[in-house]
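Written out below as structure tokens is the structure these notes cover.
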Amino acid sequence: MPASVKSIWGNDMLEITGLNQYYGDSHTLKSVDLRVETGSRTCLMGRNGMGKTTLLRCIMGLLPVASGSIRLQGRELNGLRAQQRARLGVGYVPQGRDIFPQLTVEENLRVPLAGKRSKGIPERVYRLFPVLRDMGRRRGGDLSGGQQQQLAIARALVLEPEILLLDEPTEGIQPNIVREISDVIRRINEEEGMTVLLVEQKLAFARSTADCFSIMNNGQSVASGPMDELGDDIVSQHLTV
Amino acid sequence: MLMRQPFVMRLARLHSGFGWAVLLLLTALALVVVPLLNQFVTPDSALYIPDWLVTLTGRFLCLALVALALDLIWGYTGILSLGHGAFFALGGYVMGMHLTHNRMETGTIPNFIQFLGRDDWPWFWVPFQSFWFTAVMVFLVPGALALVFGFFAFRSRVRGVYFAIITQALTFASMLFFYRTETGFGGNTGLTDFRELLGFSVREADTRLVLFMLSAVAVMLSYLLCRYIVTSKLGRVLVAIRDAESRVRFTGYNPLRYKLFVWTVSAMLCGLAGALYVPQTGVINPGEMAPANSIEMAVWVALGGRGTLVGALVGAGTVNGLKTWITAAYPDLWLFVLGGLFIAVTLFLPKGLMGLRQQMAGRSKQ
Amino acid sequence: MKTRGSIRKTGLACLALGGLLASGVAQSEDNPIKVGILHSLSGTMAISETSLRDVALMTIEDINEQGGLLGRELEPVVKDPASDWPRYAEQARELIERDEVDVIFGAWTSVSRESVLPVLEELNGLMFYPVQYEGEESSRHIFYTGAAPNQQTLPAVDYLMSERGGGAEQFYLVGTDYVFPRTTNRIVRAYLNANGIEDDAIREEYFPFEHSDFQSLVSDIKRFSQSGQTAVINTINGDSNVAFYQELANQGVDSVDVPVMATSVGEEELRGMDAGPLVGHLAAWNYFMSVDSPENEAFTERWAEYVEENDLSGGSDRVTNDPMEATHIGIRMWAQAVLEAGTSDPDAVRQAVPGQCVDAPSGYEICMDEENHHLHKPVLIGEIQPDGQFATVWETDGPIRAEPWSKYLEGSEDKKADWTYPWVCGDCEEPRYDLEL
Amino acid sequence: MRGLSWKGAILLGLLMVPAVVVADTDGMSADERAEKLAEQQKKQTQTRTEGLSGEAASIVERLATDDWQAINDVVEELEALAAPETLPVLQALSDRRLYFDEQGRVLIEDPATGEYSDAITGETVEVASENLSQPTLTNAIRRGIRPLIGQLQLFSDDVATRRAGAEELADRPRPEMLGRLKELRAEESNPEVLRLLNIAIARLQLDASDSEERLEAVEVIADVRSARMKSELESLLETDAQGDPVEPDAAVREAARDAIEAIEERQSTARFLSDLVYGLSMGSVLLLAALGLAIIFGLMRVINMAHGELLMIGAYTTFIVQNLFALMAPQWFSFYLLAAIPAAFVVTALVGILMERGVIRFLYARPLETLLATWGISLILMQTTRVIFGAQNVRMASPEWFSGSVQLMQGVSLSTSRVGVIAFAFFVVALVWFVMNRTRLGLEVRAVMQNREMAAALGVSANRVDMWTFGAGAGVAGLGGVALSQIVNVGPELGQNYIVDSFMVVVLGGVGNILGSVFSALGLGVFSKFLEPVAGAVLAKILLFVAIIVFIQWRPQGIFALKGRAGDDD
């Protein structure tokens with residue numbers, strides 16, 4: 001199916017239906033459904049070990065799925081390799097950031113140019129993260145956690161993705177940078193219309209950054225809606241320990 | 001409870017009734033049928049087993065024993081050794097040294113020792129005049145080398161690919177060492193021209209037949225020993241080490257001791273194989289330690305199926321049988337066949353011949 | 001078990017007897033005489049041994065064209081032991097037991113010969129061994145058609161010490177680490193000592209097969225040669241020679257100052273290398289392709305023709321050399337012996353071979369010694385030419401009798417190789433053979 | 001890889017050492033001299049005489065014999081006569097271009113045209129070559145002819161010829177020539193020729209009756225410091241049966257002692273330097289052999305047992321290129337090596353890509369089994385080569401500019417091909433460094449090797465990168481093959497000799513670290529060359545292997561362990 005054909009919902013960037021995944025003998029994703037509207041900032045929430053990271057990795061194509069469908073702008077992603085998904089517009093900022101430690105900051109940023117026509121790092125990436133320009137020659141592994149997180153986001157942005165997947169971007173990062181990251185996420189969403197799918201545990205950050213939520217519990221999607229509908233009852237039922 | 005069973009009971013449980021029946025049948029074949037067909041059937045009969053075939057099979061049995069030893073360490077512990085040729089050859093050299101003593105008339109020494117500029121046996125040759133000393137050394141020499149090498153390697157947690165490569169270096173260095181005439185083991189020629197073992201001429205067909213039977217017994221007993229090891233608690237620890245060594249370490253076992261034990265047993269079995277092989281082949285030289293030989297041994301095991309013991313025996317028999325036939329019939333093709341076998345087994349038969357049925361079943365299910 | 005041996009033997013005897021009585025004549029005319037050829041066609045030794053297989057096949061073809069022997073064709077059975085010593089033994093056994101050949105022509109290195117020997121003894125086989133070797137061996141089952149040390153290396157040493165050869169007073173012995181160079185050099189050392197050259201004027205170095213880095217060795221030779229007129233005796237075997245001579249040339253070691261006398265470099269080996277760096281250096285053999293004699297002309301022409309007919313690899317570059325001549329002589333001698341004995345039975349042929357003579361390509365009438373299973377051979381010393389041929393610079397007055405046991409070696413002075421009846425072997429006192437049949 | 005820039009610079013500097021050691025210009029280098037002599041002879045050799053008469057003619061006539069004694073006599077008489085017009089005859093004799101026919105005419109062959117000319121009359125003679133015989137020539141006779149030629153060359157008007165002659169005489173002066181050499185010295189104007197003549201004369205005057213002359217001679221020789229002359233000086237210090245010194249003059253003895261000391265000092269420096277240089281040379285061979293493996297095994301963790309066969313394919317490609325040049329462009333033959341470099345790279349890279357696509361990519365998760373499969377590939381490649389090219393070695397001719405040697409210092413010379421190999425090793429290291437650090441492919445390779453998943457998630461096709469990396473590694477192995485073809489025999493088993501060594505280099509250097517391989521290869525080379533004189537070549541190698549095995553126990557991650565993932569094998 002060509003990418004231009006829209007799905008029946010019309011304005012969904014990402015649409016996941018009936019996704020099942022097994023890790024060894026354990027059933028990690030149980031018929032998960034998820035819709036991310038184009039232009040939204042959706043936050044995927046849930047307690048630890050409920051399958052959020054697994055779901056992102058399945059979207060990215062880093063884990064095989066047993067059944068179900070993942071569509072990007074109506075196009076079925078199942079069966080495509082990670083690099084093909086990346087080129088179709090899925091940007092990924094993994095948990096733990098996964099910077100290439102032996103590459104310089106600049107080299108880290110150049111890696112995603114593999115599938116791009118333009119061979120230069122887009123200027124806007126440096127506009128969003130001016131600090132990276134000064135650190136161009138430093139090795140990725142030598143950066144602080146916050147800087148690495150910025151680098152990871154910048155690196156995904158080089159791809160100029162349609163949707164940006166962020167897996168716990170605030171984990172282990174000092175508060176001032178957390179705020180900066182939240183700003184950047186909103187800016188790219190509002191200024192460029194980039195769809196964002198965020199996995200986040202911190203409620204405050206999720207509330208201030210995202211406009212929609214979706215909650216997973218025990219490998220299943222249990223609730224979703226606009227962020228202002230995320231009431232205390234839902235939080236206490238699915239999120240608090 | 002299981003561990004408190006009497007030894008005989010424990011032994012009996014190594015196999016199902018069917019397994020024991022097959023085992024007994026094969027033993028009978030080797031110890032009764034073959035000698036009968038070789039001795040009391042006239043050469044023109046279709047059932048006659050000629051002397052050369054007896055010797056050839058005897059040698060194959062020795063190689064199968066090597067495969068068994070390698071499977072114990074590779075199949076069950078996940079440690080691929082590319083140095084088993086060295087242990088095999090060491091066993092062979094130990095026996096060869098005894099045979100060389102037997103061949104020399106008293107007061108004479110072989111030319112390769114004269115090359116060293118001396119006119120008596122060097123100290124490390126002298127004790128091998130005794131058969132019993134030799135018989136012990138057949139196990140101790142390869143075993144000691146394995147123990148020392150293994151201790152350091154396992155202690156430093158060298159494993160996987162690294163271990164394979166340094167064992168290859170081990171056998172290569174041993175080969176170079178034995179190639180030197182100065183080393184005092186016959187250099188390039190190695191040890192050859194054997195005549196007598198315990199007063200019997202090793203060139204006589206009768207002696208060869210006995211050696212064949214001994215080899216068959218050795219394989220049988222070694223098989224049972226290996227089987228005993230892998231079905232014991234020790235065996236389960238080994239498999240656990242193979243699958244997740246760090247987890248074993250966390251549960252309080254020290255993998256070093258287990259690995260070292262199996263590794264040394266494996267080397268000793270190789271030594272035994274070498275010692276039986278040499279009088280049947282008539283020569284032992286450093287070429288046996290060539291890295292290529294050791295790699296070929298791994299293919300016997302891989303072809304038969306790792307971690308099955310029986311597979312190792314089957315694999316060794318298949319490859320060597322093929323080799324004998326093809327090198328004679330189509331000498332140019334042999335390396336293509338062997339090379340193709342290596343590739344095909346790794347690509348299409350990850351579980352070897354023994355896993356073939358399972359694999360077929362799996363396919364038909366799909 | 002003892003019973004069984006005698007049962008078999010009796011059975012065999014009956015069988016043989018029956019065969020003779022029943023169809024003796026007819027059988028001998030129908031059945032070809034099988035001849036085993038046991039040379040490595042692959043592996044390290046292929047470079048040298050392939051040609052021996054070819055020349056053996058050529059000589060057998062020639063005999064067949066003249067009607068074979070005793071009205072029977074010769075049928076060659078070729079094996080390839082692939083430069084693997086134990087396989088020589090295995091295949092020798094196959095040749096004798098399964099293919100039932102009456103004679104084997106084969107082996108090159110001493111190791112391979114020694115590996116075959118026990119099989120020959122066990123199965124009462126007969127082999128012709130065509131390569132110069134270190135001696136210190138003598139077998140009832142082998143005829144040695146190559147040179148013993150006194151037919152190659154010792155005359156070469158004499159030459160180097162002579163005024164004509166440059167008057168060497170120091171010797172550097174370089175060899176591959178195996179039994180031929182080791183034994184040869186022991187003999188050479190003893191011989192040099194006997195000729196007044198002390199041990200401190202002799203240096204000895206060994207390298208493994210295939211060794212290719214001779215930088216340190218050559219610079220040591222250079223240093224050594226500064227303290228006196230030096231000659232090198234080179235017993236390096238096979239491929240390593242290329243690297244050795246190249247390094248000599250590179251470091252400017254000149255044949256005029258330090259001549260290198262090779263014992264294992266012949267025309268066939270030179271064919272595989274750039275002869276440039278070797279020019280002027282020496283080799284000692286019993287035959288050179290460049291020998292000027294009618295027999296050699298016929299031999300080399302026939303060889304060229306054979307190469308062309310059979311489209312052998314190398315084509316017009318193919319040469320003849322000493323071991324090829326020795327193979328050729330061996331087969332012809334064996335054929336004469338078969339005719340004389342009236343049978344190809346190894347035991348009978350073995351007794352007929354001593355005393356056989358053939359006009360050899362080397363230009364001499366070469367005879368098998370009556371006693372020691374070795375040939376009487378002339379010794380030629382040649383200088384390597386840019387075209388890979390040898391220019392003879394010296395030769396003996398005539399064929400020399402072989403001394404398989406060197407009188408210069410302690411322990412073998414008194415040994416005798418005498419295979420005249422009653423069989424006495426060289427290294428033992430008891431006869432190892434008794435006529436049972 | 002990071003930091004290769006500065007470390008590389010140091011390394012390059014280190015390797016420049018031998019290159020900048022100022023070539024010894026005392027003119028006493030045996031190889032240089034031999035080379036020059038040969039060159040001179042090529043240019044200066046007259047291929048026929050101008051016609052001989054009188055005594056010269058009557059002596060030359062007697063060369064028509066195969067009695068070596070008679071020829072020796074002739075040479076001696078010619079020496080006494082010292083007639084420059086006999087030079088062409090002597091050169092022809094020395095080069096085996098001198099013949100005589102049944103009538104006893106002495107003929108000289110012109111190597112260029114194949115024509116014969118009469119040595120006495122100088123006229124061209126028509127004669128069938130099968131009727132010609134050659135006078136016996138041995139190295140002993142040549143040893144007499146060489147200085148004679150040298151002496152006659154001194155009469156030439158051409159400086160280069162005179163210099164060639166003087167060099168020969170400085171090397172092999174003959175006592176009979178002393179008087180004439182002194183005369184010639186008096187007339188000589190060229191300083192270099194004069195210097196050489198002085199050396200020759202000094203060597204002859206070591207036993208002069210006048211102690212002043214002896215002292216002067218010792219001083220001249222001391223200046224040269226050639227090891228060749230050490231034994232002559234030592235004879236001055238000998239004592240006779242009564243224990244009295246042979247040399248009566250204490251000053252001369254003292255000077256000789258000093259000179260010997262100077263020579264010995266030089267010798268030990270030379271020995272050290274030569275061990276170092278030979279070690280670097282051996283190390284660079286190891287490096288070239290191992291570099292491809294450092295990429296394939298080091299970066300991709302594929303145990304490529306067919307690595308040796310990739311070297312072999314590179315060498316055979318060189319052989320094919322050589323033959324193509326000989327066949328199609330003989331005038332460019334000497335440049336075939338340059339063409340072989342890209343050809344070998346491409347051919348082996350293609351073989352590598354085929355291997356990767358056909359077999360290895362299915363086995364990335366099972367490293368030990370890659371080992372078996374690639375070993376199978378290696379057997380097939382070897383046997384295929386045997387079937388195509390035969391089991392024997394093929395003949396490689398080094399191009400002219402690649403033969404000969406470079407004199408680094410008196411007593412230390414390195415063959416040009418080995419110098420070339422050292423330089424080539426650095427070229428290849430630089431190339432690899434450039435590709436890895438300055439190209440898109442290199443970036444992707446490093447990204448994939450550090451974090452395969454992440455690279456894929458960023459749009460890098462790990463699959464494709466695997467293929468190209470393997471291809472590049474194989475190509476680099478092919479380049480190693482080109483170098484090996486120039487220094488070892490090219491045959492189907494070529495690669496087998498290098499496989500274990502290559503693995504040792506990579507493991508010792510630290511898997512995943514190409515720079516580590518560079519250091520470990522050079523280090524292994526140098527160590528083994530320093531061990532060799534003590535332990536012999538084989539024992540040195542065994543000791544090194546044992547050392548490596550022990551080293552790996554102690555430091556499993558190799559010399560240069562990368563922080564983080566690299567070196568950790570599970």
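Chain letters run A, B, ... following the sequence lines, proteins first, then strands; residues in each count from 1. Nothing here was measured: the structure is a model prediction, and the numbers come from that model.
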Sequence neighbours excluded, which residues qualify as side chain to side chain contact (heavy atoms under 4.5 Å, CB included) partners of C/E169?
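With neighbours one apart ignored, the set is C/Q229.
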
Please identify each residue that fulfils side chain to side chain contact (heavy atoms under 4.5 Å, CB included) with D/S334, with sequence neighbours left out.
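With sequence neighbours excluded, D/S334 shows a side chain to side chain contact (heavy atoms under 4.5 Å, CB included) to D/P399, D/W401, given in chain and number order.
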
Salt-bridge contact D/R143-C/D257 (side-chain N to carboxylate O under 4.0 Å)
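No, this pair does not count.
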
With a 4.5 angstrom heavy-atom cut-off, is it the side chain or the backbone of D/Q134 that approaches chain C, or both, or neither?
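Contact with chain C is absent: no heavy atom of D/Q134 under 4.5 Å.
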
Part of D/S281 lying under 4.5 Å from any heavy atom of chain C:
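Side chain only.
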
Can you give me the closest heavy-atom contact between [X] and [Y], atom names plus distance?
| X | Y | answer |
| --- | --- | --- |
| D/N489 | C/S240 | ND2-N, 4.3 Å |
| C/G165 | D/A140 | C-CB, 4.4 Å |
| C/P208 | D/V538 | CD-CG2, 3.2 Å |
| C/S212 | D/Y498 | OG-OH, 4.3 Å |
| C/E383 | D/N139 | OE2-OD1, 4.0 Å |

How many angstroms lie between atom CD of C/Q215 and atom CE of D/M282, to the nearest 0.5 angstrom?
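These two atoms lie 9.5 Å from each other.
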
Between C/Q385 and chain D, with a heavy-atom cut-off of 4.5 Å, which part of the residue counts as in contact: side chain, backbone, both or neither?
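It is the side chain, since no backbone atom gets that close.
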
Using non-hydrogen atoms and a 4.5 Å limit, figure out which bit of C/Y159 sits close to chain D: side chain, backbone, both or neither.
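Only the side chain of C/Y159 comes within 4.5 Å of chain D.
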
